[in-house]
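Beneath this line is the structure, given in structure tokens, with notes to follow.
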Amino acid sequence: MPIRRSLAMKSVGLVNQLSQKLGRGQGTVAGGRVGLAIDPHLLGDLTANKCVVLVSGTNGKTTTTALIASGLRTHFSNVATNDTGSNMPAGHVAALVDEEEAQAVVLEVDENYVPRLLETSNPAVITLLNLSRDQLDRMSEVRMLAQRWRDALSRTGGIHVVANADDPLVVYAAFSASEVTWVAGGLVWKEDAAGCPQCSGHIVFGKNETWACDSCDLARPEPTWTMKGNLVHSPLGAVHLNVILPGSFNRSNSLMALAAVTATGAEITKAARAISSVESVAGRFQHRRRPGQDARLMLAKNPAGWAALLEVVEESATPVVVSINSRTADGADPSWLFDVDFSSLRNRVVIVTGDRWRDLSVRLHYGGVDHSREADPEMAITRAANASDGTVDFIGNYTAFQEVTRARS
Amino acid sequence: MTLRIVAVYPDLLGTYGDTGNAEILGRRASWRGIDVDVLHASSADPLPRGDLYCLGGGEDGPQVLAAQRLKDDGTLRSALEEGAVVFAVCAGFQIVGNSFPDAQGTLHNGLGLLDVATRKGTGSRCVGEVVVEFDALEHGGLGLPLLTGFENHAGLTTLGPSARRLGQVRHGTGNGGGDSSEGAFQDRILGTYLHGPVLARNPALADLLLTWATGGGELQELDDSREIALREERLLSATRATNREGFARKP
């Protein structure tokens, strides 16, 4: 092993241990940064000779990554993944540095880092889920992202792209790749898709999820992977996929995951069974039970995420706690709250909390949703539980969600 | 008579949450017993006739498409000439001006309804909280309380002789043309770079637009305690940021 690489790898572990001891973080980023500074090619070294699957998109990255990891374990004896939520190169390095034995790797990738990962991590497969508005103050507008993905895919050959045929922006990005599997991955939120990414024409959505630009040739490619009820139709045959995770968006994530896993050569029936068995990913939809309360914890951090989640939340009548923060991982501008149709919460007990509860309160006021405010998120959950039989729906954006999932005890 | 508020092309100009401005105006009218209709006008359809049009922020490609459609459609110009009010934010603000840049910096003709021109900035994007002091009534300004919002743009806008600025930037960038101005207005058209959406944080501006659209009569007072709490928190946050940065821009 070259000395630089060896030194870089040792540093990752040491710095992460130090970072954890100092209580400065989960210890997944600092070490990775130091390692990459010592050896900029570290990610390429760590992924060499491994079957690498990448996952990106605005929503569903973490869940789909976990589903793919579960599916890959039916085919590879040792699978490494970044299940800590650190989805930039430093996090990738940290997740891989102690996984020399891994035969396969699945990495969740921040949308902005897709080109870099395509070029440096030796991927066999990349799964592209969807693109919609998200944290516009620190992320890019979605058409810029689609263009960058497209440019990177046309530069890097030999990568099998598993792409959502229902999202025009993803299709535009994936069209430049040499090998694409089109999946009917669904698109709940279409508000960012109307302007054609190829020609500035207008994307017109028709019946049965079809869509086409009215002034150029960009149109929905015919997906070879579709799902009707619990039955998946694919070039590898039909198979049942009984998804436990709630919501149509998780059925879509599962279908995308199955297509990606089988692209590595895994057997479809076993992979489908493994993907179906996943009950909770990184605390999402987890029931946090404490004496007198049962809180279902949910994450929604942008309009598309909310649109998908409301479909699940609408089914119950329990009190709802909504927590909105604007820390670094959340974005500083919660204007997007006005893109969420909260009207289905009108007859529920609603409590607002989080750093930006005032923005949320004004938004709900204009949406005709009565609500009250509680400064502390835990107190908000307790109060909501007291207003019902103890069951509560908690929905937070990124750091607001982390606050309650980490406060487990 | 029904007050008709039109959100213009939310499918192209709805990226930054500004469609909320139309909802806010609609609510503030209906709370006062004004018969109101809020329409979301898709870019696929002819633009309907309305009394108050709201345009929002959008991405570069869709912005070019929106400008082209509005020009071909012609309704916005004729409605303005017949006395309608136009409220335009960010990309919408640039579109109603004389010219605006696309992603490559190539200039496109705007609708020419507001005497401003936008070019692509050379530095980094202007992103963050903004505080603006409105020009006073006696100086031909609108004399409203401090304007608070969030900017996120790469374009730099300069004002022509027919347009007036909304006011002086106290925190943030605003128009970015080097004169510390933010926004512009001219007759019954008003543009700004600020999101939030801006009318959620600035009920006085919302009511000014409603007054223009309803013929100038006095509007009944509303309970704006939530909006005021939000305003105060955002203004304080911007002040703290200014102090951290170690300077406050001189007027």
Side-chain angles (χ1 to χ4, degrees), chain A residues 132-147 169 172 190-205 213-215 302-303 326 331-343 352 355-368 371 373, chain B residues 9-28 31 42-44 56-66 68-69 89 102-103 125 127-129 149-152 194-201 203 223-234 237:
Chain A
S132 68
R133 66 189 71 168
D134 185 30
Q135 299 177 39
L136 291 162
D137 59 298
R138 72 181 191 102
M139 303 289 278
S140 300
E141 293 183 345
V142 291
R143 275 165 193 72
M144 290 186 216
L145 279 174
Q147 187 64 48
L169 293 158
Y172 174 69
K190 298 185 170 68
E191 311 304 315
D192 290 307
C196 176
Q198 183 158 279
C199 76
S200 296
H202 196 264
I203 300 284
V204 181
F205 287 88
C213 176
D214 65 2
S215 40
N302 53 43
S326 62
D333 175 20
S335 292
W336 59 269
L337 288 169
F338 274 80
D339 292 331
V340 181
D341 178 6
F342 287 101
S343 58
V352 301
D355 305 341
R356 298 302 288 267
W357 68 269
R358 292 175 185 85
D359 296 78
L360 182 58
S361 175
V362 169
R363 198 280 164 266
L364 293 177
H365 176 54
Y366 283 106
H371 58 276
R373 181 245 165 177
Chain B
Y9 301 169
D11 51 340
L12 302 177
L13 300 174
T15 311
Y16 289 88
D18 305 312
T19 309
N21 288 326
E23 183 178 352
I24 290 163
L25 289 163
R27 283 272 169 186
R28 296 185 73 80
W31 284 334
S42 160
S43 64
E59 302 188 5
D60 296 324
Q63 178 185 21
V64 175
L65 176 61
Q68 192 56 50
R69 297 231 165 188
V89 176
D102 61 21
R125 241 177 128 77
V127 181
E129 291 285 331
F150 193 94
E151 66 183 338
N152 188 350
L194 306 194
H195 307 289
V198 67
L199 299 185
R201 296 193 194 179
D223 170 14
D224 285 333
S225 51
R226 296 172 192 80
E227 291 86 340
I228 289 165
L230 172 59
R231 280 178 64 75
E232 286 175 352
E233 184 232 7
R234 290 290 92 207
S237 144

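By convention in this document, chain letters (A, B, ...) are assigned in the order of the sequence lines, proteins followed by strands, and residues within each chain are numbered from 1. Note that the structure is predicted; figures quoted are calculated from it, not measured.
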[atom1] of [X] to [atom2] of [Y]: how many Å apart, nearest 0.5 Å?
X      : Y      : atom1 : atom2 : result
A:S215 : B:L65  : OG    : CG    : 7.5 Å
B:D18  : A:W336 : CG    : CH2   : 15.0 Å
B:D60  : A:R143 : CG    : CZ    : 10.0 Å

Distance-minimising heavy-atom pair for [X] and [Y]:
X      : Y      : result
A:F338 : B:G20  : CD2-CA, 3.7 Å
B:G14  : A:R133 : O-NH1, 2.5 Å
B:G58  : A:E141 : O-OE2, 3.9 Å
A:S335 : B:G196 : OG-N, 2.8 Å
B:E233 : A:D359 : OE1-OD1, 4.3 Å
B:T15  : A:D339 : O-OD2, 4.4 Å

Using heavy-atom distances under 4.5 Å, tell me whether [X] contacts chain A through its side chain, its backbone, both, or neither.
X      : result
B:E129 : side chain
B:L12  : side chain
B:Y16  : both

side-chain hydrogen bond (donor to acceptor under 3.5 Å, both in side chains) involving A:N302 - partner list, sequence neighbours excluded: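 Listed in chain order: A:N59, A:D134.
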Side-chain heavy atoms of B:H195 within contact of A:D333, under 4.5 Å: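 Sidechains of A:D333 and B:H195: in contact.
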Heavy-atom side-chain proximity of B:E23 to A:R363 below 4.5 angstrom: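 Answer yes - side chains close enough.
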For chain A, the option from B:P197, B:G61, B:P62, B:G149 that forms the most heavy-atom pairs under 4.5 Å: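 Option with the greatest count: B:P197.
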Residue among B:N21, B:D224, B:V127, B:D11 with most heavy-atom pairs under 4.5 Å to chain A: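 The answer is B:D11.
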Under 3.5 Å: donor-acceptor pair, side chain of B:E59, backbone of A:V142: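 Yes; judged by distance alone, with no hydrogens or angles, the pair exists.
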Pair B:R28, A:Y366: side-chain N/O donor-acceptor within cut-off below 3.5 Å: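 Indeed, the side chains of B:R28 and A:Y366 share at least one donor-acceptor pair under 3.5 Å.
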Steps toward side-chain contact (heavy atoms from CB on, under 4.5 Å) verdict (B:E227, A:H365): CA-CA 9 Å; B:E227 291 86 340; A:H365 176 54; 3.6 Å; yes
Trace of the side-chain contact (heavy atoms from CB on, under 4.5 Å) decision for B:R234 with A:R356: CA-CA 10 Å; B:R234 290 290 92 207; A:R356 298 302 288 267; 3.4 Å; yes
